[in-house]
Amino acid sequence: MPHELPPPILISPEGSFAWDVFHRRHPVLIESLLAALPYGPEQVRALRALLDESLDGVITPLADDAPDAAQWHGPWDRGHYGKPWADTPFLWAESYFFRRILAATGYYGGSGSGSGWGSAEPAWAGVDPYQPMKDAELADPALEAAFAWYGALEGAEPERRFAALVEAAVLGNRADLVFQVTETVEGYAAVNPPLADDTGGIRSRLLAARGGTQVAGPRVAVICDNSGRELLADLLLADELLGPASLAAVVELHVKPAPYYISDATATDFGKALRRLRGMPAALGAAGQRLFAHAAAGRLRAQTHPFWCSPLSFHDLPADLRAGLDGRFLLVKGDLNYRRLVGDRWWDPTTPFADTVRHLGLPVAALRAAKSDVVVGLSRGQVERLDKTEPDWRLNGRHSLVQTA
Ligand SMILES: O=P(O)(O)OC[C@H]1O[C@](O)(CO)[C@@H](O)[C@@H]1O
């Protein structure tokens with residue numbers, strides 16, 4: 001049944017999760033950026049000015065000569081420039097904040113004054129401000145032990161392998177670096193069973209999509225979220241999809257065209273993660289080798305599109321991207337992508353998942369640890385119990401969802 005879209009989540013009121021992200025998480029984030037790379041006075045000033053502006057100022061547009069000004073001043077403009085940040089939809093404002101970090105650090109060249117383009121001080125151009133944090137996560141020697149379970153899957157039934165790999169891809173989403181700016185991720189053992197678990201449904205849809213050929217499944221488009229631990233798990237899932245069960249003919253990893261939300265995966269991160277995996281021992285390293293071969297054969301592809309760094313929900317997919325996704329099975333990873341998939345709105349959590357993704361017109365699965373207010377597809381009983389026993393259940397990252405439609 002079609003639902004009217006509920007109201008969007010705004011940054012205000014004070015005390016809401018979105019308010020907390022801007023007023024508690026972002027100040028810590030800006031300090032971490034300043035501590036991570038030796039920025040000069042221009043970048044330091046610009047980062048601090050951005051923070052001040054976002055806490056109680058009005059939204060300044062990008063300079064007209066910013067490389068993506070045409071998008072931000074065109075189809076992505078929702079009339080928020082010149083208005084107070086506090087009155088702005090959370091999704092738009094948070095995404096724009098991350099774009100403005102790139103302007104402030106000079107990622108697109110420029111002085112860091114907020115324009116981000118065309119000045120004579122290009123030293124930080126192309127430098128990912130989050131690279132030190134991403135590199136530290138990928139260099140962690142504990143990763144081998146954290147993925148040791150993978151070796152034990154050898155010889156396991158295909159259903160069990162698939163379920164374990166989906167679970168790892170969901171659990172990997174807990175480890176994102178935005179969340180860790182202010183929250184702690186406990187050991188995986190502390191996680192609850194998923195609030196919704198349609199892992200079996202995903203597998204049967206992929207099998208069904210093989211149709212009469214029985215040779216290979218559909219093209220699967222993974223709308224990636226974080227690099228590091230999450231991307232390693234996603235790569236192992238991709239290997240499984242391309243493996244003997246032939247659940248996918250091709251896996252496209254849709255990564256971000258630029259650094260975004262701290263740990264979001266770019267093509268650089270894809271390369272680094274796959275190299276890290278290939279360097280691991282035994283079954284993990286073998287999976288890395290296979291994935292390199294799949295990449296060379298065109299069965300594993302990293303793809304990107306400017307829209308993945310836009311401040312909009314998937315209701316606004318541009319025509320060229322929508323056409324490029326046609327015929328794909330979408331695997332949508334993570335919390336931010338979930339917000340963009342169903343819409344960053346005050347959904348009644350008992351709204352059926354299928355109703356919220358119908359706008360896409362594509363088969364889709366969402367794999368996500370809950371870290372924001374948006375949630376759909378639960379039963380009234382679940383919601384009442386959680387509201388009573390664990391008031392921050394939507395936000396604390398201890399609950400996950402595996403949903404498909
Ligand atoms: O990496 P993910 O899973 O998209 O999570 C991003 C995090 O940042 C947020 O956008 C809030 O800052 C939440 O949605 C979530 O806590």
Side-chain angles (χ1 to χ4, degrees), residues 8-12 16-30 32-33 51 54-55 85 88-101 130 133-134 137 168-185 191 194-195 222-234 253-256 259-266 269 273 308-314 331-347 365-376 392-403:
I9 296 174
L10 306 180
I11 294 180
S12 52
S16 67
F17 169 68
W19 180 275
D20 195 63
V21 166
F22 270 76
H23 290 257
R24 192 169 69 97
R25 199 176 279 181
H26 287 177
V28 182
L29 165 60
I30 295 296
S32 330
L33 293 180
L51 182 64
S54 72
L55 291 180
W85 282 80
T88 310
F90 181 35
L91 176 64
W92 195 96
E94 194 182 17
S95 305
Y96 187 56
F97 182 82
F98 279 98
R99 171 60 184 86
R100 290 282 302 281
I101 286 179
Y130 315 111
M133 306 171 199
K134 290 172 166 178
E137 190 189 9
V170 175
L171 290 178
N173 181 239
R174 297 178 68 227
D176 84 84
L177 297 178
V178 179
F179 188 67
Q180 290 182 67
V181 167
T182 49
E183 316 301 324
T184 312
V185 176
V191 183
L195 293 175
V222 183
I223 314 303
C224 291
D225 188 13
N226 298 294
S227 52
R229 187 182 281 245
E230 179 168 359
L231 186 55
L232 287 171
D234 294 344
L253 298 176
H254 287 255
V255 294
K256 302 293 189 300
Y260 199 51
Y261 282 75
I262 308 186
S263 41
D264 279 23
T266 62
D269 300 317
W308 298 133
C309 280
S310 83
L312 307 178
S313 78
F314 293 178
L331 263 184
V332 176
K333 289 292 321 286
D335 193 83
L336 176 65
N337 279 329
Y338 190 89
R339 291 166 58 195
R340 297 183 73 188
L341 172 68
V342 307
D344 201 36
R345 294 171 175 275
W346 290 109
W347 287 104
L367 276 52
R368 167 235 190 179
K371 291 174 284 184
S372 64
D373 285 307
V374 182
V375 62
V376 296
D392 66 343
W393 64 273
R394 295 172 186 237
L395 312 174
N396 63 24
R398 292 192 206 111
H399 297 277
S400 58
L401 295 125
V402 179
Q403 295 170 306

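In what follows, residues are counted from 1 in the order of the sequence shown. As the structure is a computational prediction, the values presented were derived from the model and not from experiment. Counting starts at 1 for both ligands and their atoms, following the listed order.
If you check the side chains of R340 and S310, you find a donor sitting under 3.5 Å from an acceptor.
Geometrically, ligand 1 and L336 share a nitrogen or oxygen pair separated by less than 3.5 Å. On a distance-only criterion, Y261 and ligand 1 share no N/O pair closer than 3.5 Å. In terms of polar-atom proximity, defined here as any N/O pair under 3.5 Å, R25 does make such a contact with ligand 1. Between E94 and ligand 1, at least one N/O pair is under 3.5 Å apart.
Residue contact check: V21 has heavy atoms under 4.0 Å from atoms 11 (C), 12 (O) of ligand 1.
In this structure, E230 does not count as a contact residue of ligand 1, since none of its heavy atoms falls inside 4.0 Å of the ligand.
Side chain of N173 to main chain of A369: a donor-acceptor pair is present (N/O by atom type, distance under 3.5 Å, no hydrogens or angles).
Here the CD1 atom belonging to I30 is positioned 5.5 Å from the CG atom belonging to L51, to the nearest 0.5 angstrom.
By the 30° and 60° cut-offs, the orientation of the rings of F98 relative to Y260 is perpendicular.
Checked against the 6.0 Å centroid criterion, the rings of W85 and F90 do not qualify as a close aromatic pair.
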